[in-house]
Amino acid sequence: MIGEEGFKTIKGAFVMIHVLIVDEQRLFSEAVASLISAEENMEVVGQATTIEDALELVRDKRPDVILIDVQLRSGMVIRATNQIKQSYD
């Protein structure tokens with residue numbers, strides 16, 4: 001449900017959107033985190049530079065949104081995406 005301010009609500013209560021950023025480029029990741037943090041209803045709950053770190057953060061933080069660089073050097077993005085999806089099922 002969308003409240004009057006345009007924020008996601010559940011039974012009228014404000015809901016924070018938790019975001020995880022996964023990118024090898026630290027400068028880019030920090031810039032995106034800064035933009036997200038400026039939003040009232042969004043919070044960056046973690047940043048990772050590797051798939052392994054991302055999977056650990058997903059288990060610990062359970063983000064609502066994951067922004068992931070599909071060109072990570074590890075080449076395991078598709079496999080990791082499937083693992084993340086399965087952890088939410």
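Numbers here simply count residues along the sequence, with the first being 1.
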Chemist: Taking only residues two or more places apart in sequence, or in another chain, which ones meet Asp53 in a side chain to side chain contact (heavy atoms under 4.5 Å, CB included)?
Modeler: Ala48, Thr49, Thr50
Chemist: Are any side-chain N or O atoms of Ser87 and backbone N or O atoms of Ile84, one a donor and one an acceptor, separated by less than 3.5 Å?
Modeler: yes
Chemist: What pairs with Ser29 under side chain to side chain donor-acceptor pair (under 3.5 Å), at least two apart in sequence or on another chain?
Modeler: Gln47
Chemist: Not counting sequence neighbours, which residues clear side chain to side chain contact (heavy atoms under 4.5 Å, CB included) with Asp69? List them please.
Modeler: Asp23, Gln71, Leu72
Chemist: Is there side-chain contact between Ile68 and Ile51, with at least one heavy-atom pair below 4.5 Å?
Modeler: yes
Chemist: Among Asp64, Val65, Ile66, exactly one meets side chain to side chain contact (heavy atoms under 4.5 Å, CB included) together with Leu20. Which residue is that?
Modeler: Ile66
Chemist: Surrounding CD of Gln25 (heavy atoms of other residues, nucleotides or ligands, distance under 6.0 Å), is the total greater than 12?
Modeler: no
Chemist: Please indicate whether Arg79 has more than 12 foreign heavy atoms, meaning atoms of other residues, nucleotides or ligands, lying under 6.0 Å from its CZ.
Modeler: no
Chemist: Are Gln83 and Leu55 side-chain neighbours, meaning at least one heavy-atom pair lies under 4.5 Å?
Modeler: yes
Chemist: Which residues satisfy the side chain to side chain contact (heavy atoms under 4.5 Å, CB included) test with Thr81, sequence neighbours excluded?
Modeler: Val77
Chemist: Test of understanding: with side chain to side chain contact (heavy atoms under 4.5 Å, CB included), list the residues that count as partners of Ile36, not counting sequence neighbours.
Modeler: Val19, Ile21, Val32, Met42, Val44, Leu67
